Amino acid sequence: MSPKTAPTASSPQKAGLPAGWLALERTPSPIRVYNTLSRSKGVFEPAEAGHVRIYACGVTPYAEAHIGHARPALIWSVIRKYLEWRGYRVTLVQNFTDVDDKIIQRARERGEDPVELAARYSEQYLSAMRRLGIRGADYYPKVSQHIPDIIAMISGLIERGIAYEVGGDVFFDVSRFPDYGKLSGQRLEELMAGTRFEADERKRSPMDFALWKAAKPGEPAWESPWGPGRPGWHIECSAMSLKYLGNGFDFHGGGMDLVFPHHENEIAQSEAYTGQQPFVRFWVHNGLVNMGAEKMSKSLGNVVSIDELLARYPAPLLRFLLLSTHYRSPLEFSDSALAEATRGWRRLNSAVHRLEQFLRDHGGLPGALAGPGDVARWRAELDGEGARYLDGLVSVPERFDAAMADDFNTAAALAVLFDLARETNGFREQLVRRGKPAPAAVEVLGGALALFRLFGGELLGVLGAEEAGAPDQPALVDNLVQLLLDVRREARERRDWATADRIRDRLRELGIVVEDTPAGSRWRMADG
RNA sequence: GGCGCAGUAGCCAAGGGGCUAAGGCGGGAGUCUGCAAAACUCCUAUUCGGCGGUUCGAGUCCGCCCUGCGCCUCCA
């Protein structure tokens, strides 16, 4: 059970949570998580004190990663960061099923080696996730590197009389596992009645599934007690999760479409093998990403690749869109959804950027951390308005925590950030209007920035980009626009409104929006 | 056919027995600004697909129905 042989382990980082009032000082909310197995929310405590063990079903790397793959990866990376903020150590494992029928088929079509093809797409997937700002798992085990573990598990199942070999294939005997169907709510009789495919004659029951497949000519194969072959689908997740996390780990995640048969079969294999239950304490399934009304899937050919999206949209915006819907709900992905998300996302970010600007202008300390002593001092120094704002600020960690603790409700957590943005904009504007803000007020706003950075930046990763100007534009564009704005400023100083408006209107026609602020004019690219 | 998930304002979307049904987008009215944009303030669901039931009390629980989606064959 030692994970030291992990192929592509990234070193777990420390949570690095700030001290003081930014961390949760009041009673943390009990973490409640929806469990597919019980079809209800249950209070979560890790089986091993202080340590949360998670296995998230990864991908079969035979094509480019699409946005549907990003959802679970993003969710689990956010969940792990939240749990770490709550003070847990987290071990996250995500597999690559790099030995598989589809990979073999694709490789054959292209005249490529299947293992190489899988390796290439695995890298592509990891790169796409990195660019989405998704913090990696601790281990990314691959089937091709765990064949001995899988063979050992299959052998164990045969010894216990739960699996049987026929002509080089090994099948799991579902009749030997009375709980079969407990995850998906299916009954064995119904499943067999509904069988729509032609069953392999050699199987004892049509529902028996392959643990090991005998090699056909030209397929990648490994030696085994049953002759050359390769693992069936399902067994790899049982073998690798047990290897890296041990039995009875905390969360097993994956898309809703994996509930049956994949996870059902995993439970059957694993619990039959260990003789103990539960194999997994919480089964967590995310809703699918739809294109229009239909599921996005490679077989339907309606996928949007992450590379395409990243070429057109900033990663934090894509994360914002994905996190705006609770993870269990289906999410419709479309240009209009993207356009609407952009408007909300921009307001959140512009609140942060203006706050940063304010702090620069007033010598504030961006992200200044504060202890309870500071809060008390601020409260004494602030006027009524300031104290009211401070009260709202102090409640943010608690409210954010309550949202996330309730089945990792990122949509509700984002609402907390929108509240913070509105209140911060209001308070900041009021200070600007009155002029000469009190030092305590500036410090409080420094604290607000720290909250944005912790929750919006560190934990959810929805902040960034979209500064004034347009970062992706060449410096020449920036300089030219700046030149026009200088000319316009001079016109405005002369009260030559006609010229000033003409410059603004013409730029607008070119897709550049000019906004005048007390600190000068700024520009950005229009939506587009 | 079986199993499962969902239907909340014009749109997106939280909430899942009892405080005025979060938040975002859009729309309306105001404040500020040369005008605009942005921002802020107020307004925008007597009601949660339909019909019954349980309960002192139901978007919230139960039953039936309607609609959409997913799984039962590879899928995150």
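No hydrogens, no waters, no symmetry mates; every other heavy atom, side chains included, goes into these values. Everything numeric here is computed off the predicted structure, so don't read it as measured data. Below, chains carry the letters A, B, ... as their sequence lines are ordered, and counting in each starts from 1.
Base orientation for G17(B): anti, the chi torsion being more than 90° from 0.
Using N1 to N3 plus N6-O4 or O6-N4 for Watson-Crick, or N1-O2 and O6-N3 for G-U wobble, each under 3.5 Å, G7(B) pairs with C66(B). Base pairing of U47(B) is not made with any nucleotide, judged by Watson-Crick or G-U wobble geometry with both donor-acceptor distances under 3.5 Å. Across all strands shown, G17(B) remains unpaired; no Watson-Crick or G-U wobble contact has both distances below 3.5 Å. Nucleotide C42(B) is matched to G28(B) when pairs are restricted to Watson-Crick or G-U wobble geometry with both distances under 3.5 angstrom. If you check G59(B) for Watson-Crick or wobble pairing at under 3.5 angstrom, you find it has no partner at all. Nucleotide G1(B) is matched to C72(B) when pairs are restricted to Watson-Crick or G-U wobble geometry with both distances under 3.5 angstrom. C35(B) makes up no base pair with any nucleotide shown, lacking Watson-Crick or G-U wobble contacts both under 3.5 Å.
Taking side-chain N and O atoms only, Ser329(A) has a distance below 4.0 Å to OP1 or OP2 of A14(B). Contact check, Arg422(A) against C40(B): no side-chain N or O comes under 4.0 Å of OP1 or OP2. Distances shown here put every side-chain N or O of Ser324(A) at or beyond 4.0 Å from the OP1 or OP2 atom of G23(B). The shortest distance between the side-chain N/O atoms of Asn409(A) and the OP1/OP2 oxygens of A14(B) is not below 4.0 Å.
Each of Asp100(A) and Phe320(A) was assigned the nucleotide of RNA chain B with the nearest heavy atom; the assignment lying further toward the 5' end belongs to Phe320(A). Looking at which nucleotide of RNA chain B each of Gly185(A) and Ala421(A) is closest to, the 5′-most match is held by Gly185(A).
At a threshold of 4.0 angstrom between heavy atoms, the contacts of Asp101(A) with the nucleic acid are absent. Nucleic acid contact class of Ser336(A) (heavy atoms, under 4.0 Å, all strands): none. Using a 4.0 Å heavy-atom cutoff across all strands shown, Gly181(A) reaches no nucleic acid atom at all. Within 4.0 Å of Arg488(A), counting heavy atoms only, lies at least one base atom of the nucleic acid. Residue contacts shown for Val416(A) are absent, as no nucleic acid heavy atom lies under 4.0 Å away. Within the nucleic acid shown, His262(A) has no heavy atom closer than 4.0 Å to any nucleic acid atom. Across all strands shown, Leu258(A) has heavy atoms under 4.0 Å from sugar-phosphate atoms exclusively, and none from any base. As judged by a 4.0 angstrom heavy-atom cut-off over every strand, Gly254(A) is placed among residues touching the sugar-phosphate backbone only.
For Arg347(A), whose side chain is taken as the heavy atoms from C-beta onward, the closest listed nucleotide among A6(B), C71(B), C25(B) is C25(B). Of the candidate nucleotides C35(B), A6(B), G16(B), C35(B) has the atom nearest to the side chain of Asp516(A).
Rounding to the nearest 0.5 angstrom, the gap separating the OG atom in Ser350(A) from the CD atom in Glu515(A) is 8.0 Å. Here the OG1 atom belonging to Thr342(A) is positioned 14.5 Å from the CZ atom belonging to Arg347(A), to the nearest 0.5 angstrom. Distance check: Asp100(A) CG to Ser144(A) OG gives 12.0 Å after rounding to the nearest 0.5 Å.
The gap from the C1' atom of U60(B) to that of G18(B) amounts to 11 Å, rounded to the nearest Å.
Residues from residues 492-507 of chain A placing a heavy atom under 4.0 Å of any atom in RNA chain B, listed by number, are Arg492(A), Trp497(A), Asp501(A), Arg504(A).
Taking the six-membered ring where tryptophan is involved, the planes of Tyr389(A) and Phe427(A) are essentially parallel, since the angle between them stays under 30° and well short of 60°. Ring orientation note: the planes of His69(A) and Tyr125(A) are nearly perpendicular, at an angle over 60° on the 30°/60° scale.
You won't find any donor-acceptor pair under 3.5 Å spanning the side chain of Asn290(A) and the base of C69(B), going by distance alone. No N or O donor and acceptor, one from the side chain of Glu340(A) and one from the base of G26(B), sit under 3.5 Å apart.
When the shell of 6.0 Å around CZ of Arg495(A) is examined, it contains 12 or fewer heavy atoms from other residues, nucleotides or ligands. Crowding of Arg120(A) atom CZ: a count of heavy atoms from other residues, nucleotides or ligands under 6.0 Å exceeding 12.
The backbone N or O of Ile134(A) sits nowhere less than 3.5 Å from a side-chain atom of Ser77(A) that would complete a donor-acceptor pair.
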### Task
For side chain to side chain contact (heavy atoms under 4.5 Å, CB included), just list the numbers for Val59(A) and Tyr121(A), CA-CA rounded to whole Å, side-chain angles, deciding distance to a tenth of an Å, and then say yes or no.
CA-CA 10 Å; Val59(A) 295; Tyr121(A) 280 119; over 6 Å; no

